[in-house]
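Notes to accompany the following structure.
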Amino acid sequence: MIPDTLTRSLAEICGPGGVIVDEDRLLVYESDALTAYRHRPGAVVLPRTTAEVQGAVTAIARHGLPIVPRGAGTGLSGGAVALDGAVVVGTARMNRILEIDAANRRAVLQPGVINAELSAAARPHGLYYAPDPSSQTACTIGGNVAENSGGPHCLKYGVTSRYVTGLTVVLPDGSVAKLGGRGREAPGYDLVGLFVGSEGCFGIATEIEVGLLPLPEGVRTLLGIFDRIEDAGRAVSDIVSAGLLPAAMEIIDGPTIRAVEDSVFAAGYPTDAEAALVIEFDGLEAGLDGETARAAEFCRRAGAREVRRARDEAERMALWKGRKKAFGAMGRIAPDLLVQDATVPRTTLPAILKGISEIGKRYDLVVANVFHAGDGNLHPNILFDRRDEDELERVERASKEIMQLCVDSGGTITGEHGVGLDKKHHMPLIYGAAELDAMWGVRRVFDPSGVMNPGKVLPEETAPGWPGHGEGRGAAEGEGAGVAEPAVAAMAPP
């Protein structure tokens, strides 16, 4: 529980309905979408303006309590979990689009605006917001900024950082800073680029300026059906190697297909297939049919038994339905889900997918894959029951092996979900002492007192001043450092 004096201060700043301290209501905020990690916050405060965020942060900092920024809670790395009774500053009520400047293709909005609602508001102007996480009907732009979120169409259009041009942020000491803005190339250091993807460790974005794109003239969507997931991965590499650039290429594996087709999200995928590959081209009408035909041929050469093409928008949405709703259908397989998020070179996809399958079989676990194949961003989903201690141990060991497999192939530990709490002890797999020291240094420039989202992204034992700091770690030093904390150590019920 937080001090009564702080509760009263926060209620004065944000109104009585803007502070939550009841145990039952705090239960909603004990995890993000990666429900393996559960920690109940000391309180939740829900401001509506930059001034209220500033007042709340100042009051919390005065009491020396840690602060955890939180958007819609759809994150998948434990990044919005409040460790040690931290106070959550939620931005869900900051949900106004402040400006759409169609002439300059930009918008200014609060962080609680839902991703898909920004595109809906821009559509009458012939514009849209390109980054489209699969949770775009629920996730908020503020969370997307924190995680530098990607999505199915980031293959062609890039991730969040490409579109954020300005930020108003409240820093951990309660001061307000304006970074970039008005669509201009800001002189000096790229502080906007530094802040995007900082996972709530540098401050809280309260106003966000983003670039918008014109709606594409035409769209073509294909669905390739494969009997082997490795063949689908090969088709992805072949398409890109041929010089084609689809807007999106997404793979859904057999277990995921069957879960989707058994749910209310059924999309008409064959349940005996082991992989479905969604491919989408967009842009000028001229040339789209030719590119689509070439991609379909590459699918057939790689072993696709069937290639469907959407004839209209309704069929297009039907082909996408299985991919967009895949995570919602996973609950039919098991009560708990550990979502991994690694990125590997496209050319290694067939071998990596085979390796992940072998790891799952070796540990007698169901591993369902649904991922952004075009840029090698894998999402192996390990299905389990956290009440089974033996299964928990197998999940932990399999998770580590999958991550190591991806790193050994030349990949990295996250593509879009962030590091958060879940992957922070994997950081030494890809960074050495010098890189981790630099990251700690940047973090302390923004947050010298260490109150903003502590315990996330960087493992504490790599911090300067920590006993044993700099000893025997770092893939950059050629050592293949191990993981310091079990990947599912926090999965037991609280």
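Each residue takes its place number in the sequence, starting with 1.
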Give the C-alpha distance, both sets of side-chain angles, the deciding distance and a yes or no for salt bridge (charged side-chain N to carboxylate O under 4.0 Å, His left out) between E274 and R228.
-> CA-CA 5 Å; E274 289 307 316; R228 299 194 329 144; over 6 Å; no
Contact check, side chains of F384 and D336, non-hydrogen atoms, under 4.5 Å | yes
Taking S263 for the side chain and A329 for the main chain, is one N or O donor matched with an acceptor at less than 3.5 Å?
-> no
N144 (side chain) donor-acceptor with S149 (main chain) under 3.5 angstrom | no
Considering only heavy atoms from C-beta outward, does the side chain of I382 approach that of L337 to under 4.5 Å?
-> no
Does a salt bridge link R234 with D238, judged by any charged N lying under 4.0 Å from a carboxylate O?
-> no
Given V164, T414, T160, the one that forms side-chain contact (heavy atoms from CB on, under 4.5 Å) with N148 | T160
Taking the side chain as every heavy atom from C-beta outward, state whether L319 and E315 have any atom pair closer than 4.5 Å.
-> no
Side chains of Y269 and T256 in contact at under 4.5 Å (non-hydrogen atoms) | no
Heavy-atom count around D84 CG within 6.0 Å, excluding the residue itself: above 12?
-> no
Classify the angle between the aromatic ring planes of H379 and H417 as parallel (below 30°), tilted (30 to 60°) or perpendicular (above 60°).
-> parallel
Could you tell me whether R386 and E391 make a salt bridge, using a distance below 4.0 angstrom between a side-chain N and a carboxylate O?
-> no
Over 12 non-hydrogen atoms of neighbours within 6.0 angstrom of CG in D22 | yes
Point-to-point distance, once rounded to the nearest 0.5 Å, from NE2 of H426 to OG of S399 = 5.0 Å
Is the shortest distance from a Lys or Arg side-chain nitrogen in K400 or E396 to a carboxylate oxygen in the other one below 4.0 Å?
-> yes
Assess whether atom CD of E389 is packed by more than 12 heavy atoms of other residues, nucleotides or ligands within 6.0 Å.
-> no
Heavy-atom side-chain contact between N377 and E416 under 4.5 Å | yes
Sole candidate of K321, R323, K324 that passes salt bridge (charged side-chain N to carboxylate O under 4.0 Å, His left out) when paired with E250 | R323
Please confirm whether the backbone N or O of A267 pairs with a side-chain atom of K325, one donor and one acceptor, at under 3.5 Å?
-> no
Quick one: OG1 on T412 to CG on L429, what's the gap to the nearest 0.5 Å?
-> 9.5 Å
